[in-house]
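What follows is a short report on a single structure.
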Amino acid sequence: MKAKILRLGCFLVLWCVAEGFTSADVKCYVCKATVHELEAEIAKVDPRKKVDVGGFRLDPQGNSITKTVKLVESEMFLTELMEKICDKMEDYVKATYKSNGKFTLLKMIVDGKMNSESGLVDFVQDGDLNKSVGHYCLEILDEHDKIFLDAFQQSTFPEDLDSQICAAQAKLCPYEPVQEEYEFEDKDEL
């Protein structure tokens with residue numbers, strides 16, 4: 001691993017050029033971060049808000065056919081959200097854990113504070129100053145928009161939504177199904 005020192009104003013930052021991950025790894029993490037950002041934005045919306053959808057179809061009497069759905073499940077809302085969500089990728093940096101060299105995509109600011117894990121990682125500088133993270137986000141949403149729309153139009157999300165979208169359906173990550181927790185029965189040992 002090669003280290004570079006970069007002076008930013010009065011701060012000295014150590015950037016490490018890591019060679020232990022691929023663009024496929026980055027895409028996987030960007031996909032999962034995109035899912036988490038979408039979930040967070042959807043959680044901010046009042047779940048009781050509803051919108052009329054339908055529009056231009058008419059019934060035999062000439063009346064417009066519409067139906068009411070939750071705002072957060074409407075295709076229009078989700079499409080607009082997906083168009084803006086990649087701007088949030090500017091908050092992420094590529095990094096590797098100091099302890100094991102494993103790649104991660106680190107959100108720098110969490111709940112208005114510096115991410116507590118930032119001291120545990122070496123930041124990875126690339127030629128585009130991490131702009132590829134946003135580009136990967138746009139590419140992923142462009143190629144897999146139907147998968148994202150279908151998943152987020154559900155009334156409830158599975159606990160492993162990021163794995164369902166990014167691994168099982170989009171095939172951007174290795175799929176590892178969530179293991180059911182095994183409950184041991186209280187039995188005496190032999």
Side-chain angles (χ1 to χ4, degrees), residues 18 20-57 65-97 102-111 115 117 124 126 128-181:
F21 61 91
T22 65
S23 63
D25 295 329
V26 177
K27 276 187 175 182
C28 172
Y29 279 80
V30 169
C31 182
K32 288 183 175 199
T34 302
V35 170
H36 293 288
E37 289 294 338
L38 287 166
E39 285 178 305
E41 289 301 311
I42 288 170
K44 293 177 185 176
V45 177
D46 182 355
R48 296 172 295 184
K49 259 189 179 173
K50 302 213 182 238
V51 292
D52 291 330
V53 295
F56 303 107
R57 294 182 52 202
I65 300 174
T66 60
K67 70 178 186 178
T68 303
V69 297
K70 291 180 180 179
L71 173 65
V72 295
E73 294 174 13
S74 75
E75 188 171 337
M76 183 181 75
F77 170 79
L78 291 170
T79 301
E80 288 176 2
L81 183 59
M82 287 170 30
E83 288 173 359
K84 298 184 289 187
I85 207 70
C86 292
D87 293 342
K88 294 205 175 270
M89 293 300 124
E90 291 177 9
D91 299 341
Y92 288 82
V93 294
K94 296 178 220 169
T96 56
Y97 283 101
K102 185 177 177 203
F103 176 77
T104 188
L105 193 62
L106 188 72
K107 186 171 184 174
M108 291 301 297
I109 306 295
V110 178
D111 297 327
N115 190 327
E117 287 195 23
V124 176
D126 55 14
D128 65 2
L129 300 174
N130 282 320
K131 297 232 183 276
S132 63
V133 174
H135 293 294
Y136 282 138
C137 175
L138 292 168
E139 181 182 314
I140 289 165
L141 289 175
D142 185 48
E143 289 178 17
H144 305 287
D145 61 335
K146 177 101 172 88
I147 292 170
F148 277 82
L149 281 172
D150 290 347
F152 282 101
Q153 284 181 313
Q154 303 304 312
S155 54
T156 58
F157 306 142
E159 186 176 309
D160 65 337
L161 182 61
D162 58 347
S163 290
Q164 292 296 319
I165 291 173
C166 301
Q169 295 180 40
K171 310 273 189 259
L172 294 169
C173 303
Y175 183 64
E176 298 169 8
V178 173
Q179 297 291 324
E180 296 292 325
E181 288 190 32

Just list the side-chain donor-acceptor pairs under 3.5 Å for residues 138-147, sequence neighbours left out, or say none.
residue, atom, partner, partner atom, Å
Glu139, OE2, Lys27, NZ, 2.5
Lys146, NZ, Asp150, OD1, 3.1
Lys146, NZ, Asp150, OD2, 3.1

Can I get a per-line list of side-chain donor-acceptor pairs under 3.5 Å for residues 75-82, giving both atom names and the distance, sequence neighbours left out?
residue, atom, partner, partner atom, Å
Thr79, OG1, Glu75, O, 2.7

Only distances under 3.5 Å count here; give the side-chain donor-acceptor pairs of residues 34-43 to other protein atoms, sequence neighbours excluded, each with its distance to 0.1 Å.
residue, atom, partner, partner atom, Å
Thr34, OG1, Val30, O, 2.7
His36, NE2, Asp162, OD2, 3.0
Glu37, OE2, Tyr92, OH, 2.6
Glu37, OE2, Lys107, NZ, 2.8
Glu41, OE2, Lys44, NZ, 2.9
Glu41, OE2, Lys88, NZ, 3.3

Practice task
Start with the C-alpha gap between Phe152 and Leu161, add the side-chain angles, then the distance that decides, and say whether side chain to side chain contact (heavy atoms under 4.5 Å, CB included) holds.
Solution key: CA-CA 9 Å; Phe152 282 101; Leu161 182 61; 3.7 Å; yes
Exercise for the section: Start with the C-alpha distance between Phe103 and Val26, add both sets of side-chain angles, then the distance that settles side chain to side chain contact (heavy atoms under 4.5 Å, CB included), and finish with yes or no. Expected result: CA-CA 8 Å; Phe103 176 77; Val26 177; 3.7 Å; yes
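Although no hydrogens or angles enter the test, the distance criterion places no donor-acceptor pair under 3.5 Å between the side chain of Thr104 and the main chain of Leu106. Not one N or O on the side chain of Ser132 forms a donor-acceptor pair closer than 3.5 Å with the backbone of His135.
Atom CG of Asp25 and atom CG of Leu172 lie 11.5 Å apart (nearest 0.5 Å). We find the NZ-CD distance between Lys50 and Glu73 to be 8.0 Å, quoted to the nearest 0.5 Å. Put simply, CZ on Phe21 and OG1 on Thr96 are 7.5 Å apart, with the number rounded to the nearest 0.5 Å. A distance of 11.0 Å separates CZ in Arg48 from NZ in Lys70, rounded to the nearest 0.5 Å. Taking CG of Leu105 as the reference point, atom OH of Tyr136 lies at 11.5 Å (rounded to 0.5 Å). Note: Lys171 NZ to Cys166 SG = 12.0 Å, rounded to the nearest 0.5 Å.
Of all non-hydrogen atoms in Pro174 and Ala167, the two that sit nearest each other are O-CB, 3.7 Å. The two residues Ser163 and Lys32 have their closest heavy-atom pair at OG-NZ, 4.0 Å.
With 2.5 angstrom as the limit on SG-SG distance, Cys31 and Cys173 do not come in below it. SG atoms of Cys86 and Cys137 are separated by less than 2.5 angstrom, consistent with a disulfide link.
Contact annotation: the side chain of Val124 never approaches that of Val93 to less than 4.5 Å [non-hydrogen atoms, C-beta and beyond].
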